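What follows is one structure encoded as structure tokens, with my remarks underneath.
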Protein chains: 2
Amino acid sequence: MGTEKTIDRRVARTRSTLHHALITLILRKGYEAITVEDICNEANIGRSTFYAHFTSKDDLKRSGLDDHLRAMLVERQRHALAAPGELKDRSLGFVLGMFEHAREHIDLYRALAGGRGGTIVLGSIREILCDLVRAELAANKDRKLPDVVPNELIVQFVVGAFLSVLIWWLDGGAKLPPQQVDQIFRRLATEGVPSA
Amino acid sequence: MGTEKTIDRRVARTRSTLHHALITLILRKGYEAITVEDICNEANIGRSTFYAHFTSKDDLKRSGLDDHLRAMLVERQRHALAAPGELKDRSLGFVLGMFEHAREHIDLYRALAGGRGGTIVLGSIREILCDLVRAELAANKDRKLPDVVPNELIVQFVVGAFLSVLIWWLDGGAKLPPQQVDQIFRRLATEGVPSA
DNA sequence: TCAGATTCCGAACATGATGTCCATCAACCG
DNA sequence: CGGTTGATGGACATCATGTTCGGAATCTGA
């Protein structure tokens with residue numbers, strides 16, 4: 001199972017330093033604007049050393065930030081599911097946790113996904129959320145109409161709406177309290193938009 | 001009103017050729033992979049000429065594809081709003097149009113927004129759609145509850161959900177007919193997801 | 001503690017894309 | 001037809017990427 005026998009302290013140090021430098025720089029100037037050389041300077045590490053460990057900036061992010069975020073989210077989800085309450089209140093239970101988590105790390109989130117376009121940048125977050133919604137749909141499918149509506153469409157609908165609202169909320173400075181955004185979102189999702 | 005007196009045939013030709021070349025290349029290798037020089041080669045136009053008209057690849061896209069898309073969508077919405085029928089049926093009128101348009105140009109859409117990448121292009125489409133939804137909300141705001149729910153949140157909710165479903169649909173090959181996806185989406189949006 | 005193995009360093013090199021400038025030439029418009 | 005405007009392509013400067021390599025630093029295991 002274990003792929004690594006021993007981990008040389010130097011490589012551990014190097015990798016960790018690079019990851020840390022990346023986060024620092026993301027907060028300072030945003031992900032897109034960062035160059036490999038920037039990271040190396042910030043980390044005081046040779047550029048050739050960088051390429052000995054990672055193939056690119058994206059690679060570094062993948063093997064660091066994404067994994068880290070994924071771990072955090074899974075943990076939150078575990079908590080949310082373990083909490084007591086009605087099914088109605090637990091459904092979409094990850095939403096509140098996510099709003100809170102995002103607010104705690106608002107700078108990082110905004111640098112990563114905020115501003116323009118970044119919706120899809122949060123690829124791994126999106127995937128996790130899809131998994132959560134899928135699981136929830138599967139759990140509740142007993143008393144459901146025959147599926148003229150593909151489940152996956154519902155999943156995409158909910159996750160897309162959620163991420164969109166989340167990013168908007170963060171970009172606006174997260175003024176509304178998480179509980180309130182959570183409540184509004186879930187009402188929109190379960191009862192529809194009050195327009196038509 | 002008119003900003004342009006006359007349009008030199010040469011500039012019209014150049015611009016048009018460049019736009020066309022961009023689309024060709026997007027279909028051939030995807031937007032991200034395209035370089036300014038690629039475009040110039042494809043169009044048989046000097047690179048210096050390119051920079052005399054556009055400042056970058058993104059600029060070219062903006063002044064071509066985006067404007068075109070925006071015009072088409074506005075037109076579709078105008079039609080939908082002018083059509084007879086219940087308000088409920090007329091709202092979100094751009095949706096069906098967009099599904100149909102996307103299916104007609106499915107190769108282009110998938111190269112633009114599908115799979116991975118697509119961040120940049122989605123950004124502008126997203127903005128266009130936000131404008132449409134905002135306009136619709138503003139038009140219907142008379143018989144609305146006092147806004148405990150920020151309008152912009154609703155906008156983000158709807159547009160995020162829509163784009164997410166659209167991309168999923170396209171990536172799956174657009175198997176369901178546009179009318180059906182449209183109907184499902186609008187039902188989800190107006191009545192909520194049938195889970196909780 | 002020490003020796004051999006591994007990693008780090010930095011500088012050099014090759015490559016490829018961006019963006020600017022300019023003199024020359026061709027096309028357009030009135 | 002003649003003056004104006006746009007097109008051309010090549011030279012330049014710049015910047016980021018990715019690779020290579022020999023010597024120096026550092027780790028690991030005995």
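What you see is a predicted model, and the numbers here were worked out from it, not measured in a lab. Here is how names work: the chains are called A, B, and so on, in the same order as the sequence lines, proteins then strands, and each is numbered from 1.
No salt bridge links B/D58 with B/K61; every basic N to acidic carboxylate O contact stays at or beyond 4.0 Å.
For the pair A/R15 and B/S48, both in contact range of DNA chain C, the more 5′-proximal nearest nucleotide belongs to A/R15.
In this structure, the NE2 atom of A/H53 is 14 Å from the P atom of D/dT19, given to the nearest Å. One can place CZ of B/R47 at 12 Å from C1' of D/dT14, the figure rounded to the nearest angstrom. The separation between B/R10 atom CZ and C/dC28 atom P is 6 Å, rounded to whole Å. Spacing between atom CZ of A/F50 and atom C1' of D/dA16 amounts to 12 Å, rounded to whole angstrom units. Here C/dG10 presents its C1' atom at 13 Å from CG of A/N44, a figure rounded to the nearest Å. Summarising the geometry, the separation between CG on A/D38 and P on D/dA16 is reported as 7 Å, rounded to the nearest angstrom. Nucleotide C/dT18 holds its C1' atom 12 Å from the CD1 atom of B/I39, rounded to whole Å. One can place OH of A/Y51 at 15 Å from C1' of C/dA11, the figure rounded to the nearest angstrom.
Using a 4.0 Å heavy-atom cutoff across all strands shown, A/R13 reaches sugar-phosphate atoms only and no base atom. Nucleic acid contact class of A/R9 (heavy atoms, under 4.0 Å, all strands): sugar-phosphate only. A/T35 comes within contact range of the sugar-phosphate backbone alone, with a heavy-atom separation under 4.0 Å but no base atom that close.
Residue B/T49 has a polar side-chain atom (N or O) positioned under 4.0 Å from OP1 or OP2 of D/dT8. For the pair B/T14 and D/dG6, the criterion of a side-chain N or O lying under 4.0 Å from OP1 or OP2 is not met.
Nearest approach of B/E42 to B/T24, heavy atoms of both residues: OE2-CG2, 3.8 Å.
Judged purely by distance below 3.5 Å, without hydrogens or angles, the side chains of A/E152 and A/Q156 pair a donor atom with an acceptor atom. For the residue pair B/R126 / A/S164, a side-chain donor-acceptor distance below 3.5 Å is found, with atom types taken as modelled.
Linking ILVMFWY residues whenever their side-chain heavy atoms come closer than 4.5 Å, directly or via other members, leaves A/L96 and A/I167 in distinct clusters.
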